[in-house]
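Below, chain A is the first sequence line, B the second, and so on; all start at residue 1. Everything numeric in this text was worked out from a predicted model, so none of it was measured.
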Amino acid sequence: MRVEGIVKCPECSSRSIEQDISRGEKSCLDCGLVIVENLIDPRAEWTDYDTNGKNMSRVGSPTTPLFHDKGLTTAIPWQNKDFSGKGLPGKTRVQFHRLRKWQQRANTSRGHERNLVVALLELDRISGTLGFNRTAREEAATIYRMSVERGLVRGRSIDAMVAASLYLMNQKLQLARSLENIVEATRCSRKEVSKAHKIIKSSLGIRTSIPEPGMYIGRFCSDLELPISVEQRSHEVIALAKEKELTHGRSPMGVAAAAIYIAGRIENSVRTQREIADISNVTEVTIRNRYKEIVSHLEIDLN
DNA sequence: ACACGTAGAGAACTGGT
DNA sequence: ACCAGCACTCTACGTGT
């Protein structure tokens with residue numbers, strides 16, 4: 001496709017620009033310079049495999065673990081109208097009523113399908129309150145699905161298993177949410193969730209990395225509205241603390257909180273221990289202990 | 001208001017039975 | 001499944017600047 005006039009080639013100033021959608025590039029026809037790469041193809045995804053173009057049909061959205069049927073739904077609309085909007089005659093209407101009913105049953109009748117409907121709704125609700133994005137939700141949904149397939153949910157509360165799937169996903173993707181954060185968003189106890197978490201983790205053999213203090217810095221600093229300089233300094237403090245083995249056995253959140261406190265003092269963007277404690281879910285005492293320890297071992301001089 | 005320090009309680013993990 | 005021991009954190013104070 002030739003796009004004339006609007007864009008000028010930065011190399012030779014020619015206005016003959018070619019846009020190749022299949023390659024996703026815009027390039028100059030005169031000097032060959034590629035001006036834009038990785039363009040998104042805006043066209044609809046029509047597909048036709050066997051009728052040679054006579055029967056083009058739109059493909060659906062990609063499948064997703066977020067719906068119990070992975071998004072491959074057939075929906076019979078509730079309105080009793082045909083494609084042109086006219087009402088259906090009485091006999092047909094009855095027939096469609098029956099079809100809808102059966103389809104509903106077919107969709108959700110098998111035990112674990114119904115389980116998934118409930119579970120994915122809950123998964124979405126918690127994700128909403130905790131601000132998990134789509135990738136995170138899909139990962140958690142996949143973990144939950146696998147648990148259902150392994151029969152792990154039987155006899156356990158769906159809510160606890162959903163919460164555990166979310167927590168496991170959170171660990172896997174290092175999203176820096178604590179077990180407390182997740183428990184707060186559910187109706188079940190900490191004990192139930194951590195038990196479910198253990199079971200899923202061992203049964204599915206999911207590997208998670210140990211929580212590093214560094215992974216909390218970003219979220220804590222942004223919640224505390226601290227400048228990027230403090231964030232960077234906090235990472236430096238943690239790196240030094242690690243070298244001196246001051247992080248072993250200590251709660252990573254406590255270490256992160258202390259590092260932010262120290263970094264704030266160094267960078268003159270002070271937050272009180274109370275403020276940091278509120279955001280990081282550790283107490284002032286823990287922040288004090290960690291920060292005293294770090295400061296004395298690293299010989300950091302705060303004003 | 002904030003920082004500091006402390007004692008006892010408590011939660012979470014490990015290893016033993 | 002329960003228990004003891006442990007290293008760490010929390011609650012709840014009083015004190016200091």
Side-chain angles (χ1 to χ4, degrees), chain A residues 152 154-157 159-161 163-172 174-217 219-221 223-227 230 233-234 237-303:
Chain A
L152 304 179
R154 271 225 153 152
R156 282 180 244 277
S157 113
D159 285 359
M161 292 300 276
S165 305
L166 282 161
Y167 184 49
L168 211 47
M169 168 282 291
N170 163 74
Q171 287 184 317
K172 210 175 152 191
Q174 307 227 10
L175 298 184
R177 244 38 74 109
S178 66
L179 181 56
E180 276 67 35
N181 293 150
I182 288 169
V183 169
E184 276 167 26
T186 64
R187 285 173 281 257
C188 27
S189 69
R190 189 199 155 90
K191 220 174 181 174
E192 287 175 280
V193 179
S194 74
K195 207 170 175 184
H197 167 254
K198 234 185 224 167
I199 286 160
I200 300 178
K201 197 178 165 183
S202 64
S203 300
L204 301 183
I206 294 173
R207 304 272 218 132
T208 53
S209 39
I210 6 133
E212 295 277 338
M215 70 189 238
Y216 298 101
I217 297 296
R219 191 163 65 86
F220 291 172
C221 282
D223 285 355
L224 289 161
E225 292 174 3
L226 282 162
V230 175
R233 187 73 70 182
S234 306
V237 172
I238 288 173
L240 292 170
K242 250 189 208 163
E243 265 174 43
K244 300 263 178 185
E245 310 221 327
L246 298 172
T247 59
H248 290 169
R250 276 67 200 268
S251 107
M253 285 195 264
V255 176
I260 291 171
Y261 180 72
I262 296 168
R265 295 269 295 261
I266 296 171
E267 294 291 320
N268 288 316
S269 304
V270 184
R271 294 290 180 276
T272 65
Q273 295 176 355
R274 176 79 261 153
E275 288 172 308
I276 300 176
D278 282 341
I279 296 289
S280 60
N281 281 320
V282 293
T283 59
E284 291 164 275
V285 181
T286 304
I287 295 180
R288 270 202 290 279
N289 291 340
R290 289 293 82 74
Y291 122 78
K292 285 283 163 193
E293 210 170 60
I294 294 171
V295 166
S296 68
H297 280 79
L298 299 184
E299 288 158 23
I300 295 172
D301 197 14
L302 297 173
N303 50 41

Residue A:Val285, side-chain atoms from C-beta onward, closest of B:dT6, B:dA3, C:dC8 = B:dT6

Does A:Tyr291 have a side-chain nitrogen or oxygen under 4.0 Å from the phosphate oxygens OP1 or OP2 of B:dA3?
-> no

Separation of C:dT11 P from A:Arg288 CZ (nearest whole Å) | 12 Å

Regarding the side chain of A:Thr283, the nearest nucleotide among B:dC4, C:dT9, C:dT11 is C:dT11

Return the value, rounded to whole Å, for the distance between atom CD of A:Glu192 and atom P of B:dA12.
-> 14 Å

Smallest separation among heavy atoms of A:Ala241 and A:Leu298, with atom names = N-CD1, 4.1 Å

Write down the distance between NZ (A:Lys292) and C1' (B:dC2), rounded to a whole number of angstrom.
-> 13 Å

Are any of the side-chain nitrogens in A:Arg290 or A:Glu293 under 4.0 Å away from the carboxylate oxygens of its partner?
-> yes

Which nucleotide in B:dC4, B:dC2, C:dC8 has an atom nearest any side-chain atom of A:Thr272 = B:dC2

In whole Å, what is the span from the CD atom of A:Glu245 to the P atom of C:dC8?
-> 13 Å

Hey, is the side chain of A:Gln273 poking within less than 4.0 Å of OP1 or OP2 on B:dC2, counting only N and O atoms?
-> no

In whole angstroms, how far is the C1' atom of B:dA3 from the CD1 atom of A:Ile262?
-> 14 Å

How long is the line joining CG of A:Leu246 and C1' of C:dC8, in whole Å?
-> 15 Å

So, A:Ser203 side chain and A:Ile200 main chain: donor-acceptor pair closer than 3.5 Å or not?
-> no

Residues in side chain to side chain contact (heavy atoms under 4.5 Å, CB included) contact with A:Val282, at least two apart in sequence or another chain = A:Ser251, A:Met253, A:Ala257, A:Ser280, A:Thr286, A:Ile287

Distance check: side-chain N/O of A:Arg290 vs OP1/OP2 of C:dT9, anything under 4.0 Å?
-> yes

What are the two closest non-hydrogen atoms of A:Tyr167 and A:Arg177, and how far apart are they?
-> CE1-O, 3.9 Å

A:Glu293 atom CD is separated from C:dT9 atom C1', nearest whole Å, by 13 Å

Toward the 5' end of DNA chain B, which comes first, A:Arg271 or A:Lys198, by nearest nucleotide?
-> A:Arg271

Report yes if a side-chain nitrogen or oxygen of A:Arg250 is closer than 4.0 Å to either non-bridging phosphate oxygen (OP1 or OP2) of C:dC8; otherwise report no.
-> yes

How long is the line joining CG of A:Asn289 and C1' of B:dG5, in whole Å?
-> 9 Å

